[in-house]
J.: 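Sending over a structure as structure tokens; questions will come in a sec.
If you read the sequence from its start, that first residue is 1, and numbering goes on from there.
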Amino acid sequence: MVNKKWLSLLGLAIALMLVLAACGGGNEAPAEDPAEEPTEETEEGTEEATGPQAGGSVVLGTSGEPVTFNPLYSQDSASADVIDLIHASLLASDENLDMVPSVATDLPEISEDGLTYTLTLNEGVLFHDGEELTAEDVKFTYDIFKNADYTGPRAGDFTELESVEVVDPYTVQFNLSVVDASFTTRLGYGILPKHILEEVPVADLEEHMDYNRNNPIGAGPFVFGQYVDGQYIEVSAFDDYFEGRPNLDKVTFRVFADTNAELLAFETGEIDWMILPATELATAETYDHARISSTLALRYDYIGWNNDRAPFDDVRVRQALTMAIDRQLIVDSIMDGRAQVAHAPASPLSWAYPDSVTEFEYDPEGALALLAEAGWEPGADGILEKDGEKFSFEILSNDGNVIRKDIGVIVQQMLGEIGIEVTPRQMEWGAFLEQINPPNYDFDAVVLAWGLALDPDPTAIWHSKEIEAGLNNISYRNETVDELAGGNKQIVDQDERAAAIGEIYEILAEEQPYTYLYYPEQHILLSNRVQGFTHHPRVNMYKLNEWYVTE
């Protein structure tokens, strides 16, 4: 009865949105298996005959606003999308998730004992102000991660890094204290200009908006232009980009209140690219000026429970919450069937994806039994109570993301069926991040997603040392997880390391610090005038310097 009722209600809601705005959905998009490989379509064969064309511009849609343009401090996709265009890194990941050289001429040379990584830089790589990027800039950047005053979220990625040495202007050496099997994947952060930032104390760097917000200088393919809050961000081609000038002259990120407005702008030709909600696939397929590219994202979506706040500090309560949420219904209705129910914080694209873990199926009666065991009984009004306190909480998500809004509403109704009072609320992106992240941690539950790192090391999200200033914002603590996570990077054999990480996944699947919702497919809607696009499982603006337009 619950399933039929909610499918009916969601159908009515979607129909209403279509009448009002001819669109709907959310910022994320999904599915069970990768669809066809992205193809580069042509108009009347022109592009095949002439190849990439120089000049022109594109407008990209987004419903999230960036927080910072400094790659050492960002932890949101809206910031990362712009950062990827402005900054250059030693290494990057290709569409197959393999590390490839970028500013470095090749992958690192690793010493026999696994403790020294040596990289040679391309000569003549310039920052946007004309200064050359050298090994000094690399050392400056990576020394920040090791500085005691670093306030960003990635210090935990570099606990094994002992020192960075400049061998000569184009050779840099990373010295580790112990073997770190993940270290090559840590070499993909954007390089900062020492000559601009060396006088800024590391303790002040996160809030140094003269650089982070107003005038970021990188060595990437595009130069920062301007950012008007709530409206747009502009970047332009860097003529001296070391891999060759981009084909496009200008790229504009246009900010929308939500993805409904974004899709309407695409329909009328105001934007050329957007992340398409799964619920709008059928609508977008009718556009004769556009095409859709789909691929399995390196990501999972989840509801995070604040483990430091009652009643979410009780594992039985967290398990019961998961059992009371029909995740398959969420996949079938909100995600239009284009996702796979998740049971662990890993991606099917990862070599460490577990063969099996504990799975909590949809079972409202079983959830009530667990809650009763934890001391929760129905009150006079039907709401569960314990020690005179009602089971009532708020679930947060970010403005503009219609899918997360829909998840909040359906979770409110599902949990209401078993006597739990839930209030969904959406917040402006910047304020939302400030509220849920350190030092505030002011939330009961959040609907979010993790774009996963190339290496499956779970330390950054799940180790208790990451609670104070890292990414473990739900304050999850488990001594066994700490021990296994702390040692996993020293296991060189991939099969043995996968087994150790698998033990962590099993504990996390059993204890449900998150309710793991689904592994999504991402759908990109792009204008037929945009060519050269390659769909990356994790990087939204992948190789945008190779895109071009046909008029």
J.: Using atom types as modelled and distance alone, determine if a side-chain donor or acceptor of Arg318 lies under 3.5 Å from a backbone N or O of Gln512.
T.: yes
J.: Quick one: are Phe238 and Leu126 in side-chain contact, heavy atoms under 4.5 Å?
T.: yes
J.: Within the distance-only criterion (no hydrogens, no angle test), does the side chain of His289 pair as donor or acceptor with the backbone N or O of Arg529 below 3.5 angstrom?
T.: no
J.: Is it the case that the ring center of Phe224 lies less than 6.0 angstrom away from the ring center of His87?
T.: no
J.: Could you check if a side-chain atom of Thr252 sits within less than 4.5 angstrom of a side-chain atom of Ser57, using non-hydrogen atoms only?
T.: no
J.: Between Arg291 and Ser527, is there a donor-acceptor pair closer than 3.5 Å when you use the side chain of the first and the backbone of the second?
T.: yes
J.: Could you measure the distance from the OH atom of Tyr150 to the CZ atom of Phe158? Nearest 0.5 Å is fine.
T.: 8.0 Å
J.: Take Asn70 and Thr68 through the side chain to side chain donor-acceptor pair (under 3.5 Å) test and state the conclusion after the steps.
T.: CA-CA 6 Å; Asn70 188 321; Thr68 180; 5.5 Å; no
J.: Would Asp137 and Glu131 satisfy side chain to side chain contact (heavy atoms under 4.5 Å, CB included), going step by step from the backbone distance to the final call?
T.: CA-CA 11 Å; Asp137 298 291; Glu131 292 290 326; over 6 Å; no
J.: Taking Asn528's backbone N and O only, do any of them form a donor-acceptor pair with Gln531's side chain (distance below 3.5 Å, no angle check)?
T.: yes
J.: Over all heavy atoms of both residues, which pair between Thr279 and Ser333 is shortest? Give the atoms and the distance, please.
T.: CG2-O, 4.1 Å
J.: With a 4.5 Å heavy-atom cut-off, do Leu197 and Phe140 have their side chains touching?
T.: yes
J.: Among Lys405, Gln426, Arg404, which one satisfies side chain to side chain donor-acceptor pair (under 3.5 Å) with Ser397?
T.: Gln426
J.: Look at atom NZ of Lys146 and say whether more than 12 heavy atoms of other residues, nucleotides or ligands are closer to it than 6.0 Å.
T.: yes
J.: Step by step, would you call Leu321 with Trp305 a side chain to side chain contact (heavy atoms under 4.5 Å, CB included)?
T.: CA-CA 10 Å; Leu321 289 167; Trp305 312 109; 3.8 Å; yes
J.: How close do Ile233 and Tyr227 get, heavy atom to heavy atom, and via which atoms?
T.: CG1-CD1, 3.4 Å
J.: Closer than 3.5 angstrom, by distance alone: can the side chain of Glu65 be matched with the main-chain N or O of Gly230 as a donor-acceptor pair?
T.: yes
J.: Hey, could you give me the NZ/CG distance between Lys194 and Asp143, rounded to the nearest 0.5 Å?
T.: 9.0 Å
J.: Would you find more than 12 non-hydrogen atoms of other residues, nucleotides or ligands less than 6.0 Å from Glu434 atom CD?
T.: no
J.: Got a second to check how far Leu396's CG is from Asn306's CG, nearest 0.5 Å?
T.: 10.5 Å
J.: How are the rings of Phe145 and Tyr189 set relative to one another: parallel (under 30°), tilted (30 to 60°) or perpendicular (over 60°)?
T.: tilted
J.: Please say which of Val82, Asp81, Asp76 ends up in a side chain to side chain contact (heavy atoms under 4.5 Å, CB included) with Ser79.
T.: Asp76
J.: Do Arg213 and Asp229 pass the salt bridge (Lys or Arg N to Asp or Glu O under 4.0 Å) test, and can you show the C-alpha distance, the side-chain angles, and the key distance before you say yes or no?
T.: CA-CA 11 Å; Arg213 168 64 169 75; Asp229 286 336; 2.6 Å; yes
J.: Nearest 0.5 Å, please: how far is CD1 in Ile410 from CG in Asp326?
T.: 7.5 Å
J.: State, to 0.1 Å, how close Ser475 and Asn307 come at their nearest heavy-atom pair, and which atoms those are.
T.: O-CB, 3.7 Å
J.: Considering only heavy atoms from C-beta outward, does the side chain of Leu192 approach that of Pro71 to under 4.5 Å?
T.: yes
J.: Between His536 and Leu298, is there a side-chain heavy-atom distance shorter than 4.5 Å?
T.: no
J.: Between Asp129 and His195, is the side chain to side chain donor-acceptor pair (under 3.5 Å) condition met? List the steps.
T.: CA-CA 10 Å; Asp129 61 358; His195 65 281; 2.6 Å; yes
J.: Quick one: pull up CG in Leu454 and CZ in Arg186 and give me the separation to the nearest 0.5 Å.
T.: 9.5 Å
J.: Heavy atoms only: give me the nearest Tyr73-Thr151 pair and the separation to one decimal.
T.: CE2-OG1, 3.6 Å
J.: If you define the side chain from C-beta out and look only at heavy atoms, does anything of Trp462 sit under 4.5 Å from Ile474?
T.: yes
J.: Any side-chain heavy-atom pair from Thr295 and His535 closer than 4.5 angstrom?
T.: yes
J.: Whether Asp444 and Arg425 form a salt bridge (side-chain N of Lys/Arg under 4.0 Å from carboxylate O of Asp/Glu) is what I want to check.
T.: no
J.: May I ask you to say whether Asp239 pairs ionically with Arg245, meaning some side-chain N is under 4.0 Å from a carboxylate O?
T.: yes
J.: Centres of the Phe393 and Phe443 rings: under 6.0 Å?
T.: no
J.: Taking the side chain from Asp301 and the backbone from Ala449, do they hold a donor-acceptor pair closer than 3.5 Å?
T.: no
J.: Set out, in order, the CA-CA distance, both residues' side-chain angles and the distance that settles side chain to side chain contact (heavy atoms under 4.5 Å, CB included) for Tyr142 and Leu187, then state yes or no.
T.: CA-CA 9 Å; Tyr142 281 86; Leu187 299 175; 4.2 Å; yes
J.: Given 3.5 Å as the limit, does a donor-acceptor pair link the side chain of Asn437 with the main chain of Leu433, or not?
T.: yes
J.: Which heavy atom of Ser63 sits nearest a heavy atom of Gly400, and at what distance?
T.: OG-O, 3.6 Å
J.: Is there a donor-acceptor pair under 3.5 Å between the side chain of Asn212 and the backbone N or O of Glu206?
T.: yes
J.: Give the minimum heavy-atom separation between Pro153 and Glu466, together with the two atoms involved.
T.: O-OE1, 4.3 Å
J.: When rounded to the nearest 0.5 angstrom, what is the spacing between CG in Leu263 and CG in Leu276?
T.: 6.5 Å
J.: With a 3.5 Å distance limit and no angle check, can you tell me whether Thr268 reaches the backbone of Leu264 through a side-chain donor-acceptor pair?
T.: yes
J.: Once you measure the plane-to-plane angle for Tyr519 and Tyr300, does it fall in the parallel (<30°), tilted (30-60°) or perpendicular (>60°) bin?
T.: perpendicular
J.: Are any side-chain N or O atoms of Asn247 and backbone N or O atoms of Glu546, one a donor and one an acceptor, separated by less than 3.5 Å?
T.: yes
J.: Take Asp272 and Val549 through the side chain to side chain contact (heavy atoms under 4.5 Å, CB included) test and state the conclusion after the steps.
T.: CA-CA 10 Å; Asp272 302 297; Val549 293; 6.0 Å; no
J.: Between Arg309 and Asp442, is there a salt bridge with N-O shorter than 4.0 Å?
T.: yes
J.: Do the side chains of Ile461 and Pro345 get nearer than 4.5 Å, heavy atoms only?
T.: no
J.: Please work out which of the three classes, parallel, tilted or perpendicular, describes the rings of Phe391 and Phe312, given edges at 30° and 60°.
T.: perpendicular
